[in-house]
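For this chain, numbers begin at 1 and follow the sequence in order. Small disclaimer: the values here were computed from a predicted structure and weren't measured. Only heavy atoms go into these numbers, but all of them, side chains included; no hydrogens, no water, no symmetry mates.
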Amino acid sequence: MIAASDRMEIKRIEFFADLVDVVERELLEMDLPAPAARAVANALADFLAKDWGGQNFNIPKDYHRKIAERDLAIYEEFNGWDYGTLARKYGLSERGLRKLISRARAMVISRVQVDMFQSADQP
């Protein structure tokens, strides 16, 4: 049986190895030279270890963020009357698209309201 501390060590090693691999692959696809891509990927892993090391948190699957991004993209494409066209384009029912537009509109309005009440010196 593997001790809990050993399991966490294995997860930590796997996390940083995966992170370096993914970042390096993405940078290579952006035509960054291989040595530079590897250096940047390792620098990011080092930064996370140094600045976030010791913190405990769960990384969510982030399904909701992806759906929100999709919804906002569809909302930006929406012209006020093309429910049927957009529903067909995105494989949604017209009723589903109307709900999506409503959710996206509410999200945009809530962001604007938050921005209105922030003072100029707040980030």
Side-chain angles (χ1 to χ4, degrees):
M1 180 180 241
I2 299 175
S5 62
D6 292 338
R7 283 194 305 271
M8 290 306 296
E9 177 73 10
I10 291 167
K11 280 186 173 183
R12 184 187 65 75
I13 291 168
E14 288 176 352
F15 170 75
F16 284 117
D18 284 349
L19 177 71
V20 168
D21 289 345
V22 167
V23 171
E24 182 179 19
R25 185 174 54 246
E26 291 294 320
L27 292 171
L28 288 171
E29 287 179 13
M30 295 176 191
D31 295 325
L32 198 68
R38 176 58 77 162
V40 170
N42 279 301
L44 176 60
D46 292 344
F47 163 78
L48 289 175
K50 179 179 166 267
D51 286 18
W52 288 89
Q55 301 297 315
N56 291 316
F57 57 90
N58 291 319
I59 299 173
K61 295 282 187 180
D62 231 358
Y63 172 77
H64 294 290
R65 180 186 61 83
K66 289 179 181 180
I67 292 296
E69 286 176 356
R70 180 206 67 172
D71 291 358
L72 285 174
I74 293 171
Y75 179 73
E76 287 175 4
E77 194 174 338
F78 178 62
N79 66 14
W81 56 268
D82 58 347
Y83 291 101
T85 304
L86 288 175
R88 283 188 301 280
K89 179 177 178 179
Y90 290 99
L92 301 166
S93 67
E94 191 170 318
R95 183 169 185 247
L97 185 85
R98 288 179 185 275
K99 288 181 177 182
L100 181 151
I101 295 296
S102 251
R103 279 193 314 269
R105 184 177 289 128
M107 203 178 341
V108 168
I109 289 169
S110 70
R111 287 181 182 175
V112 168
Q113 287 174 341
V114 166
D115 289 347
M116 283 177 21
F117 293 108
Q118 266 187 341
S119 69
D121 59 342
Q122 288 180 321

Minimal non-hydrogen separation, [X] against [Y], with atom names:
X	Y	result
Tyr83	Leu97	O-CD2, 3.1 Å
Leu19	Ala45	CD2-CA, 3.8 Å
Leu92	Arg70	CD2-NH1, 4.3 Å
Leu48	Phe16	CB-CE2, 4.1 Å

Exercise for review: Would you check if the side chain of Arg12 reaches a backbone N or O of Met8 as a donor-acceptor pair within less than 3.5 Å?
Suggested key: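 Absent.
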Check your understanding: Are the side chains of Glu69 and Leu72 in touch, meaning some heavy atoms are under 4.5 Å apart?
Key ->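 Glu69 vs Leu72: side chains apart.
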Check your understanding: Under 4.5 Å between any side-chain heavy atoms of Lys89 and Ile74, yes or no?
Key ->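 No, side chains not in contact.
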Under a single-linkage definition using a 4.5 Å side-chain heavy-atom cutoff for Ile, Leu, Val, Met, Phe, Trp and Tyr, are [X] and [Y] assigned to the same hydrophobic cluster?
X	Y	result
Val23	Trp52	yes
Phe47	Val22	no
Leu32	Leu44	yes
Phe78	Tyr90	yes

Check your understanding: Which residue pairs pass the side chain to side chain donor-acceptor pair (under 3.5 Å) test when at least one of the two sits in residues 15-30, sequence neighbours left out?
Key ->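 Found Glu24-Arg38.
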Exercise for review: Not counting sequence neighbours, which residues clear side-chain hydrogen bond (donor to acceptor under 3.5 Å, both in side chains) with Asn79? List them please.
Suggested key: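 Result, side-chain hydrogen bond (donor to acceptor under 3.5 Å, both in side chains) vs Asn79: Trp81.
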**Study point:** Sidechain N-carboxylate O distance under 4.0 Å for Lys11, Glu14
**Key:**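 So Lys11 does not pair with Glu14 through a salt bridge.
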Review point. Asp71 and Tyr75: side-chain contact (heavy atoms from CB on, under 4.5 Å), yes or no, with the steps?
Key: CA-CA 6 Å; Asp71 291 358; Tyr75 179 73; over 6 Å; no
